[in-house]
Participant: 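Quick one: the structure is below, and I'll ask about it shortly.
If you read the sequence from its start, that first residue is 1, and numbering goes on from there.
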Amino acid sequence: MEAILNVVQNIDGWILLFIQNHLRPDALTPWVIRFTKLGNAGLIWIVISVLLLIPGRTRRAGVLSIAALAVSLCITNLLLKNYVARIRPYEVVSGLTSLLGAVDGYSFPSGHASAGFAAATVISKSCRKWVGWPCLVLACLLSLSRLYVGVHYPSDVICGAIIGFLIGLVIFWLFGGKEYRRRARRARRRRR
């Protein structure tokens, strides 16, 4: 198992150095730094969730999104980060610099990715496509920005996204409403 983790660590480090050396144009960097900060403390997702609470037909999506964010916070930031205790990549990968300076907390899994995908999954399942798809794209871009600024390994972001996606699915399945469960049952029957 240790050998596999070392291989993943080496691949992660190589990808981050590639991003730093070949995909960080000076003109884009200030924009990415501002953009990635939108995900701090789930701020952009909290704002989107509150905005969804206003119209009656998206209210359920807003409530479910807030629930998904809370579960993501508990699982990712309070439980897994402290259990795994993976050190940030700029402290380990030789030659890598963080564009944000020193960042508090551990690296694995990415809280930005987990929160983003938890909220975006619930929103995309609860709302029309013109609301859901932009949220999924936003979650992807925020997750990738964490690699660009050098504060997460690619495996942190991938695992955070998977965890967030699963949290969003479970929250939606548990509290999303009867219509979703009816559609899921019909789909299972058709497959048989």
Side-chain angles (χ1 to χ4, degrees), residues 4-5 8 11-12 15-16 19 35-53 58-84 86 89 105-149 151-188 191:
I4 293 171
L5 292 176
V8 170
I11 292 170
D12 277 349
I15 291 170
L16 288 174
I19 290 169
F35 179 71
T36 200
K37 289 180 180 179
L38 291 174
N40 290 356
L43 180 63
I44 189 71
W45 300 109
I46 292 169
V47 169
I48 291 170
S49 300
V50 169
L51 289 174
L52 289 171
L53 292 172
T58 61
R59 193 163 291 139
R60 180 175 291 241
V63 170
L64 294 177
S65 179
I66 291 169
L69 288 170
V71 172
S72 173
L73 171 73
C74 293
I75 290 175
T76 304
N77 291 40
L78 301 179
L79 182 68
L80 289 175
K81 278 187 185 253
N82 292 316
Y83 178 74
V84 175
R86 187 178 195 188
Y106 294 113
S107 184
F108 182 88
S110 168
H112 280 65
S114 179
F117 277 92
T121 299
V122 165
I123 292 167
S124 70
K125 306 263 310 147
S126 304
C127 294
R128 295 175 185 249
K129 289 180 184 178
W130 64 271
V131 176
W133 281 104
C135 286
L136 288 169
V137 170
L138 178 62
C140 288
L141 292 175
L142 278 171
S143 298
L144 291 173
S145 75
R146 304 307 282 173
L147 302 177
Y148 185 96
V149 298
V151 296
H152 278 294
Y153 294 99
S155 56
D156 297 343
V157 170
I158 291 167
C159 290
I162 291 169
I163 291 166
F165 176 74
L166 293 174
I167 288 169
L169 283 180
V170 168
I171 293 293
F172 184 75
W173 184 77
L174 289 174
F175 307 108
K178 296 175 187 174
E179 180 57 32
Y180 170 74
R181 286 193 278 282
R182 264 188 254 133
R183 276 187 276 149
R185 272 190 237 114
R186 274 188 251 133
R188 278 196 302 271
R191 279 186 251 141

Participant: Is any side-chain heavy atom of Trp173 closer than 4.5 Å to a side-chain heavy atom of Val170?
Facilitator: no
Participant: Any chance you could measure Leu52, atom CG, to Cys127, atom SG, to the nearest 0.5 Å?
Facilitator: 5.0 Å
Participant: Any side-chain heavy atom of Cys135 within less than 4.5 Å of one from Ser124?
Facilitator: no
Participant: To the nearest 0.5 Å, what is the distance between CD1 on Ile48 and CG on Leu138?
Facilitator: 5.5 Å
Participant: For residues Cys140 and Phe117, report the shortest heavy-atom separation together with the two atoms involved.
Facilitator: SG-CZ, 3.6 Å
Participant: Hey, what do you get for CG (Asp12) to CG (Asp156), rounding to the nearest 0.5 Å?
Facilitator: 7.0 Å
Participant: Taking all atoms of both residues into account, what is the closest heavy-atom pair of Leu53 and Gly62, and its distance?
Facilitator: CD2-C, 3.8 Å
Participant: CG/Leu64 to CD1/Ile123 distance, rounded to the nearest 0.5 angstrom?
Facilitator: 9.5 Å
Participant: Kindly indicate whether the side chain of Lys125, heavy atoms from C-beta on, has any atom under 4.5 Å from the side chain of Leu169.
Facilitator: yes
Participant: Does the pair Tyr153 and Ser110 meet the rule for a side chain to side chain contact (heavy atoms under 4.5 Å, CB included), with working shown?
Facilitator: CA-CA 9 Å; Tyr153 294 99; Ser110 168; over 6 Å; no
Participant: Counting N and O atoms only, with roles assigned by atom type, does the side chain of Ser65 sit under 3.5 Å from a partner on the main chain of Ala61, one being a donor and the other an acceptor?
Facilitator: no
Participant: Can you measure from SG (Cys74) to CG (Leu69) and round to the nearest 0.5 angstrom?
Facilitator: 11.0 Å
Participant: Could you go through Val157 and Leu144, starting from their C-alpha distance and side-chain angles, then the distance that decides it, and tell me whether this counts as side chain to side chain contact (heavy atoms under 4.5 Å, CB included)?
Facilitator: CA-CA 8 Å; Val157 170; Leu144 291 173; 5.6 Å; no
Participant: May I have the step-by-step check of side chain to side chain contact (heavy atoms under 4.5 Å, CB included) for Ile75 and Ile167, ending in yes or no?
Facilitator: CA-CA 9 Å; Ile75 290 175; Ile167 288 169; 4.0 Å; yes
Participant: Within a strict 4.5 Å, meaning less than it, do heavy atoms of the Ser126 and Thr58 side chains meet?
Facilitator: no
Participant: Could you state the interatomic distance from SG (Cys159) to CZ (Arg86), rounded to the nearest 0.5 Å?
Facilitator: 8.5 Å
Participant: List the atom pairs, with distances to 0.1 Å, where a side-chain N or O of residues 35-46 and a protein N or O form a donor-acceptor pair under 3.5 Å, not counting sequence neighbours.
Facilitator:
unit_1: Thr36; atom_1: OG1; unit_2: Ser145; atom_2: OG; d: 2.8
unit_1: Thr36; atom_1: OG1; unit_2: Arg146; atom_2: NH1; d: 3.0
unit_1: Asn40; atom_1: OD1; unit_2: His112; atom_2: NE2; d: 3.0

Participant: Could you check whether atom CZ of Phe165 has more than 12 heavy atoms from other residues, nucleotides or ligands sitting under 6.0 Å from it?
Facilitator: no
Participant: Would you give me the side-chain donor-acceptor pairs under 3.5 Å for residues 76-83, sequence neighbours excluded?
Facilitator:
unit_1: Thr76; atom_1: OG1; unit_2: Ser72; atom_2: O; d: 3.2
unit_1: Thr76; atom_1: OG1; unit_2: Ser114; atom_2: OG; d: 2.8
unit_1: Lys81; atom_1: NZ; unit_2: Tyr106; atom_2: O; d: 3.0
unit_1: Lys81; atom_1: NZ; unit_2: Pro109; atom_2: O; d: 3.2
unit_1: Asn82; atom_1: ND2; unit_2: Leu78; atom_2: O; d: 2.9

